[in-house]
Amino acid sequence: MSTNKSELPTTRDVLSEHLYAAVKTLHPVSAGEVTGMLLEASDQEILNMLQDRHVLKERVDIADRVRNTCTSSMELRSSSISGEREQLGEIVFQKVLAIESNSDMCAQITGMLLELDSTVVSQLLTSEDDLRSAVDKARGEYLEQLNQSVQVEHTVEEIGEKLYATACRKYPDYADRITGMLLEIPMDNLIHLLDDSDELNRKIEMAVEVLCDKQS
């Protein structure tokens, strides 16, 4: 019976397994990370580690120290960046508050400005005119989003009332549930549905069938 050569373990695979098992006895918590670091060595060096436990322990200790140093450095950098971002946010808020007196609006605008690259934000803080322009732009965008949101809410409410009135004419006992089911249809489709009474009635009949099936 022939064996596909690609399925046979390579020397590196075998060394990797043995090295991991050996490292795990010395450093079980981070055996995977430490082994990965040690596997950067040549096959001969790995063999030397496996044959001499003192050499292995020395290499494991060195790798672990390097790993801890890198981890501490990354944590410190992350903490530093987080602290700098928070400090920048406080500065931006105070600057924006001097332009926009509404505290709620100020918080929204500050959040929008902090989504910009920190370099851009720092540049804005050096120019009152640029900052004022950025605040005005952010305020306009926020109010537009707010207005669109209100319009959508009114549109949904109006469509819901029309759907309810149509459903109530034929199925007053099911009107609430029929309306709820129809409002799950995408907004664009709902708008077209109100212009097509035949299709709307068909959807209502389908909703009633579903409700009746659930009750049976």
Side-chain angles (χ1 to χ4, degrees), residues 1-100 103-135 137-139 141-142 145 149:
M1 180 178 174
S2 63
T3 304
N4 190 335
K5 290 184 178 181
S6 64
E7 296 177 356
L8 293 173
T10 64
T11 301
R12 194 70 174 178
D13 292 333
V14 175
L15 288 175
S16 177
E17 291 178 7
H18 284 289
L19 182 61
Y20 176 77
V23 170
K24 195 171 183 179
T25 63
L26 295 172
H27 208 296
V29 177
S30 305
E33 291 180 63
V34 172
T35 301
M37 296 171 71
L38 296 181
L39 283 172
E40 294 180 8
S42 66
D43 290 354
Q44 186 57 53
E45 288 176 316
I46 294 174
L47 279 171
N48 291 339
M49 285 185 252
L50 292 173
Q51 293 169 354
D52 190 330
R53 192 165 179 80
H54 292 295
V55 173
L56 176 64
K57 187 176 186 308
E58 181 182 342
R59 295 294 185 89
V60 167
D61 289 343
I62 292 173
D64 187 49
R65 284 199 296 273
V66 171
R67 188 185 67 83
N68 287 333
T69 299
C70 291
T71 301
S72 299
S73 177
M74 289 175 65
E75 290 176 349
L76 183 61
R77 178 172 174 76
S78 176
S79 175
S80 175
I81 291 174
S82 177
E84 290 174 2
R85 195 69 178 175
E86 183 177 347
Q87 185 178 17
L88 181 63
E90 293 176 359
I91 295 173
V92 172
F93 181 81
Q94 293 302 324
K95 290 280 189 179
V96 173
L97 190 60
I99 300 172
E100 174 56 61
S103 59
D104 290 336
M105 180 70 76
C106 180
Q108 292 291 342
I109 293 173
T110 300
M112 294 172 73
L113 293 180
L114 288 175
E115 291 178 3
L116 300 172
D117 185 83
S118 57
T119 304
V120 175
V121 177
S122 297
Q123 290 175 347
L124 289 176
L125 294 176
T126 62
S127 171
E128 185 176 346
D129 290 339
D130 288 346
L131 178 60
R132 187 174 293 276
S133 296
V135 168
K137 181 180 179 181
R139 184 195 298 110
E141 291 177 357
Y142 175 69
Q145 292 173 4
S149 177

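Residue numbers count from 1 along this sequence.
Shown here are the salt bridge (Lys or Arg N to Asp or Glu O under 4.0 Å) partners of R139, two or more places apart in sequence or in another chain: E100, D136. For E128, the salt bridge (Lys or Arg N to Asp or Glu O under 4.0 Å) partners at least two apart in sequence or on another chain are R132. Judged as a side chain to side chain contact (heavy atoms under 4.5 Å, CB included), and not counting sequence neighbours, T126 has no contacts. When the side chain to side chain contact (heavy atoms under 4.5 Å, CB included) test is applied to E40, no partner is found at least two apart in sequence or on another chain. Residues passing the side chain to side chain contact (heavy atoms under 4.5 Å, CB included) test with Y20, sequence neighbours excluded: K24, A31, T35.
Side-chain atoms of T25 come within 3.5 Å of backbone N or O of A22 as a donor-acceptor pair. Between the side chain of S30 and the main chain of E33, no donor-acceptor pair closer than 3.5 Å is present.
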Just do the side chain to side chain contact (heavy atoms under 4.5 Å, CB included) check on K95 and L125 with the steps written out, would you? CA-CA 8 Å; K95 290 280 189 179; L125 294 176; 3.8 Å; yes

Evaluate side chain to side chain contact (heavy atoms under 4.5 Å, CB included) for V92 paired with I109, printing each intermediate quantity in order. CA-CA 10 Å; V92 172; I109 293 173; over 6 Å; no

Assess whether side chain to side chain contact (heavy atoms under 4.5 Å, CB included) is satisfied between I46 and M49, documenting all intermediate values. CA-CA 5 Å; I46 294 174; M49 285 185 252; 4.2 Å; yes

Apply the test side chain to side chain contact (heavy atoms under 4.5 Å, CB included) to residues V135 and L124: give CA-CA distance (whole Å), side-chain angles for both, the deciding distance (0.1 Å), then the verdict. CA-CA 10 Å; V135 168; L124 289 176; over 6 Å; no

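Side-chain atoms of T119 and D117 form a donor-acceptor pair, as typed in the model, at a separation below 3.5 Å.
Taking CG from L56 and NE2 from H27, the interatomic distance works out to 12.0 Å, rounded to the nearest 0.5 Å. The distance from the OH atom of Y142 to the CE atom of M105 is 6.0 Å, given to the nearest 0.5 Å. In this structure, CG in L26 is found 12.5 Å from CD in E58, a value given to the nearest 0.5 Å.
Side-chain contact between L97 and Q94 is present, with at least one heavy-atom pair separated by less than 4.5 Å. No side-chain heavy atom of V120 sits less than 4.5 Å from a side-chain heavy atom of L113.
For N48 against V55, the heavy-atom pair with the smallest separation is O-CB, 4.4 Å.
Among residue pairs with one or both ends in residues 43-57, those qualifying as salt bridge (Lys or Arg N to Asp or Glu O under 4.0 Å) are R12-D43, K57-D61; sequence neighbours excluded.
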